[in-house]
Amino acid sequence: MPVLAGAEPFRHEGGEIAVLLCHGFTGSPQSLRPWAEHLAARGLTVSLPLLPGHGTRWEDLRITGWQDWYAEVDRELRLLCERREQVFVAGLSMGGALALRLAAKHGDAVSGVVVVNPANKVHGLAAHALPVVRHLVPATKGIASDIAKPDSRELGYDRVPLHAAHSLRQFFRIVDGELPQVTQPVLLLRSPQDHVVPPADSARILSRISSTDVKEVLLEQSYHVATLDHDADRIFAESTAFIGRLASGLGNEAGLGKEGTTAGG
């Protein structure tokens with residue numbers, strides 16, 4: 001199936017500091033595209049891949065699982081580490097869980113982690129029925145576009161395939177067990193008014209990681225997809241400052257402020 005217009009992956013070749021951005025479950029790179037462009041404009045090397053099964057039609061997601069999604073970002077991280085001096089990982093929602101697992105598994109290869117409304121669990125009584133219900137019901141109502149800003153829209157599926165949701169639930173359990181292995185500096189930004197991921201997920205993540213350099217920022221004016229919402233500029237500014245502080249040892253060679261080449265839709 002062709003990729004939906006706007007859902008294409010984004011890559012920018014900048015300086016020696018690289019950022020890998022991970023989008024959320026049933027979403028696409030479109031939800032992080034403004035963030036990626038902001039980082040690229042400041043001279044950073046940026047990779048924003050399209051996860052398998054996403055950005056086309058929800059039926060394509062039904063035949064994929066967490067192993068496919070994680071393998072994609074793991075591959076991108078390895079490529080960035082081969083070419084750049086420092087690499088940061090970042091993500092929205094499930095993308096936050098992907099970023100945290102990359103940090104846990106790759107250790108010192110990851111210089112820092114930025115997560116926005118990170119997900120840690122599939123909530124509700126229905127989650128416990130997923131192992132059985134997924135064989136009876138193909139999909140349920142979508143979760144895309146939880147945004148307070150009236151003129152903003154997320155490009156995501158209007159249906160959630162239950163086979164993929166079951167795999168997501170398994171993935172969250174795995175990541176939760178690996179959170180103590182996260183030792184890198186962490187910037188966590190969350191929306192108190194989030195209709196997709198409850199505050200308990202961020203609290204759980206902050207209580208489980210082993211990082212000592214941790215900052216939590218509240219996004220008071222935004223819902224779940226805060227990267228397309230009223231607080232987007234704050235996310236961009238906070239993440240740029242976070243990366244700049246941790247990359248200061250590279251001086252002018254870091255890439256901040258330099259221009260590069262961009263590829264994407």
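Just so it is clear, the model here is predicted, and its values are computed rather than measured. Below, each value reflects all heavy atoms present in this structure, side chains not excepted, and no hydrogens, waters or symmetry copies. In this chain, numbering begins with 1 at the start of the sequence shown.
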Please step through salt bridge (Lys or Arg N to Asp or Glu O under 4.0 Å) for the pair R78 and E82, ending with a clear verdict. CA-CA 6 Å; R78 292 176 188 275; E82 290 174 0; over 6 Å; no
Run through the side-chain heavy atoms of Ile, Leu, Val, Met, Phe, Trp and Tyr, join any pair under 4.5 Å, and report what else lands in I63's cluster. none
Are the ring centres of F171 and W66 closer than 6.0 Å? yes
Among pairs that include at least one residue of residues 216-240, which meet salt bridge (charged side-chain N to carboxylate O under 4.0 Å, His left out), considering only residues two or more places apart or in two chains? R190-E216, K215-E238, R234-E238
For W35 and F236, take the angle between the two ring planes, folded into 0 to 90°, and tell me which bin it lands in: parallel under 30, tilted 30 to 60, perpendicular over 60. parallel
Measure the spacing between CG of L79 and CD of E76 and express it to the nearest 0.5 Å. 6.0 Å
Just to verify, which of L21, L20, V19 counts as forming a side chain to side chain contact (heavy atoms under 4.5 Å, CB included) with L48? L21
Apart from L155 itself, what residues make up its hydrophobic cluster when side-chain heavy atoms of I, L, V, M, F, W and Y under 4.5 Å apart count as a link, directly or indirectly? L4
Is the backbone of P180 close enough, under 3.5 Å, to the side chain of S210 for a donor and an acceptor to pair up by distance? yes
Which residue pairs pass the salt bridge (charged side-chain N to carboxylate O under 4.0 Å, His left out) test with at least one member in residues 91-102, sequence neighbours excluded? R101-E178
Check side-chain contact (heavy atoms from CB on, under 4.5 Å) between A241 and all other residues, then give those that pass, not counting sequence neighbours. none
E72 with R75: basic N within carboxylate O range, under 4.0 Å: yes
Under the ring pair (Phe, Tyr, Trp, His ring centres under 6.0 Å) rule, what pairs show up with a residue in residues 178-221, not counting sequence neighbours? H195-Y223
Testing I147, V116, D194 one by one against H224 for a side chain to side chain contact (heavy atoms under 4.5 Å, CB included), which residue passes? D194
